[in-house]
Amino acid sequence: MADGHTITIEQGTQRVRVVSGDQVLAESDRPLVLRETGCPERYYLPAEDVRLDLLTPSETHTYCPFKGTASYWSLPDAADLVWSYPDPKPDVAQIKDHLCFYDVEVV
């Protein structure tokens with residue numbers, strides 16, 4: 001990590017749900033909570049708790065020097081709605097096989 005930049009990951013106990021329109025895209029009671037300097041708190045959900053059958057892989061990829069290269073998925077009306085790090089850097093290896101949405105509901 002760079003000086004002053006931190007990332008912490010902990011096992012969450014809250015229930016997290018992602019809804020688009022009237023469709024539930026994900027629901028999990030086992031999110032990982034990632035806190036990163038300068039970024040909002042993010043919930044990474046196990047892939048098994050995400051309706052990947054409703055999402056289409058995107059050609060978008062971004063690079064984070066702290067987490068690695070992210071891959072994205074979209075809905076027909078929402079591009080790059082969700083991302084994951086298929087091969088995360090060692091310091092954040094816990095987020096492998098987890099997906100993160102921009103907007104989630106904590107219930």
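As the structure is a computational prediction, the values presented were derived from the model and not from experiment. Residues: numbered from 1 along the sequence shown.
- Looking at heavy atoms from C-beta onward, Ile7 lies out of side-chain contact with Arg35 at the 4.5 angstrom threshold.
- Other residues, nucleotides and ligands place more than 12 heavy atoms under 6.0 Å from the CG atom of Asp53.
- Here Glu48 pairs with Arg30 in a salt bridge; the nearest charged N to carboxylate O distance falls below 4.0 Å.
- Val19 has its side chain out of reach of Asp103: every pair of non-hydrogen atoms, C-beta onward, lies at least 4.5 Å apart.
- Distance OG/Ser74 to CD/Glu59: 10.0 Å, rounded to 0.5 Å.
- Atom-to-atom distance recorded for Asp97:CG and Leu45:CG is 13.0 Å, nearest 0.5 angstrom.
- Here the NE2-CG distance, from His61 to Asp80, works out to 10.0 Å after rounding to the nearest 0.5 Å.
- The shortest heavy-atom contact between Leu55 and Leu75 is CD2-CD2, 3.7 Å.
- Salt-bridge check for Glu27 with Arg51: failed, with every basic side-chain N at 4.0 Å or more from each acidic carboxylate O.
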task = Report the C-alpha distance between Val33 and Gln14 in whole Å, list the side-chain angles of each, state the deciding distance to 0.1 Å, and finish with yes or no for side-chain contact (heavy atoms from CB on, under 4.5 Å).
result = CA-CA 10 Å; Val33 183; Gln14 52 278 82; 4.1 Å; yes
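- With hydrogens and angles ignored, the 3.5 Å screen pairs a side-chain donor or acceptor of Lys96 with a backbone N or O of Pro86.
- Two residues are said to be in side-chain contact when any heavy atoms from C-beta on lie closer than 4.5 Å; Val106 and Arg15 fail this criterion.
- For the pair His98 and Ser84, the minimum side-chain heavy-atom distance is 4.5 Å or more.
- Put simply, the residue from Val104, Val50, Val82, Val18 that forms a side chain to side chain contact (heavy atoms under 4.5 Å, CB included) with Leu25 is Val18.
- The distance from atom SG of Cys100 to atom CG of Leu34, rounded to the nearest 0.5 Å, is 7.5 Å.
- One finds the CD1 atom of Ile9 at 9.0 Å from the CG atom of Asp91 (value rounded to the nearest 0.5 Å).
- Looking at Phe66 and His5, their side chains come closer than 4.5 Å, going by heavy atoms from C-beta outward.
- Looking at Thr6 and Thr37, their side chains do bring a donor and an acceptor atom within 3.5 Å of each other.
- The hydrophobic cluster containing Val24 does not contain Val16, counting ILVMFWY residues as joined when their side-chain heavy atoms lie under 4.5 angstrom apart, directly or transitively.
- Salt-bridge formation is not detected for the pair Glu36/Arg42: no Lys NZ or Arg NE/NH1/NH2 atom is positioned less than 4.0 Å from an Asp or Glu carboxylate oxygen.
- Taking all atoms of both residues into account, the shortest heavy-atom contact from Leu32 to Gln94 is CD1-O, 3.2 Å.
- Between the side chains of Tyr72 and Thr62, at least one donor N or O sits under 3.5 Å from an acceptor N or O.
- Screening Tyr63, Trp73, Tyr102 for a ring pair (Phe, Tyr, Trp, His ring centres under 6.0 Å) with Trp83, the sole residue that qualifies is Tyr102.
- Looking only at side-chain heavy atoms (C-beta outward), Val92 and Tyr85 stay at 4.5 Å or farther from each other.
- Atom CZ of Arg17 and atom CD of Glu105 lie 4.5 Å apart (nearest 0.5 Å).
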